[in-house]
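The structure under discussion appears below in the form of structure tokens.
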Amino acid sequence: MASQPVPEKFHKQVQLLEQRPQLISLMTIIRNKKSPRVDFIFYSDRIIRLLVEEGLNHLPTISRKVITPVDTSFAGKMF
């Protein structure tokens, strides 16, 4: 998920999640006063996961090679 340009009224470190259909649908469910509590909790947790995933995308990483269980080398990243 790419970040959107932030309106000037926000702090310079604020980044908005891209308003994709999935996020808009989730937000619609949790903002609907007729949504059952269980749905609110489930979909709020999903939004929180998207937010955390986007935050992790902004952490610095280093390259790291590992050996897989089938003895193959894999070039990956670590935080």
Side-chain angles (χ1 to χ4, degrees):
M1 222 178 251
S3 298
Q4 294 189 133
V6 179
E8 289 183 20
K9 66 181 178 181
F10 292 113
H11 190 275
K12 63 184 176 183
Q13 292 181 338
V14 171
Q15 293 192 6
L16 299 177
L17 292 178
E18 186 175 336
Q19 301 296 296
R20 293 185 176 177
Q22 176 190 16
L23 180 60
I24 295 168
S25 296
L26 296 171
M27 295 297 289
T28 301
I29 293 167
I30 69 166
R31 288 179 171 166
N32 183 353
K33 75 178 192 177
K34 295 181 180 180
S35 290
R37 183 175 187 272
V38 68
D39 286 351
F40 179 86
I41 293 168
F42 178 83
Y43 293 108
S44 294
D45 284 347
R46 179 67 187 125
I47 293 169
I48 291 165
R49 275 187 239 110
L50 291 172
L51 184 59
V52 169
E53 288 171 14
E54 182 61 25
L56 290 172
N57 285 331
H58 295 274
L59 290 177
T61 59
I62 56 172
S63 297
R64 173 85 187 258
K65 272 191 174 178
V66 296
I67 303 299
T68 69
V70 292
D71 287 328
T72 305
S73 179
F74 175 77
K77 300 275 185 189
M78 282 185 60
F79 294 111

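The figures here come from the full heavy-atom set of this structure, side chains too, leaving out hydrogens, waters and symmetry mates.
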Suppose we screen for side chain to side chain contact (heavy atoms under 4.5 Å, CB included). Which residues come up paired with S35, at least two apart in sequence or across chains?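 With sequence neighbours excluded, S35 shows a side chain to side chain contact (heavy atoms under 4.5 Å, CB included) to I29, N32, given in chain and number order.
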
For S44, what residues pass the side chain to side chain contact (heavy atoms under 4.5 Å, CB included) criterion, not counting sequence neighbours?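 Checked S44 against side chain to side chain contact (heavy atoms under 4.5 Å, CB included); matches are I30, F40.
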
Can you measure from CG (L59) to CE (M78) and round to the nearest 0.5 angstrom?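 It comes to 12.5 Å.
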
Any chance you could measure I48, atom CD1, to L26, atom CG, to the nearest 0.5 Å?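 Spacing of CD1 (I48) from CG (L26) equals 11.5 Å.
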
If you group Ile, Leu, Val, Met, Phe, Trp and Tyr by side-chain heavy-atom gaps below 4.5 Å, do V52 and F79 land in one group?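 Yes: a chain of side-chain contacts under 4.5 Å links V52 to F79.
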
With a 4.5 Å heavy-atom cut-off, do E54 and E18 have their side chains touching?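 Result no, sub-4.5 Å side-chain heavy-atom pair not found.
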
Shortest non-hydrogen separation from T61 to K77 and the atoms involved: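 Heavy atoms only, the tightest pair is OG1-CD, 3.6 Å.
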
Taking every non-hydrogen atom, the tightest pair across A75 and K65: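 So the two residues come closest at CA-CG, 4.2 Å.
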
Counting only heavy atoms not in R49, do more than 12 sit closer than 6.0 Å to its CZ atom?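 Enclosed: over 12 neighbouring heavy atoms sit under 6.0 Å from CZ of R49.
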
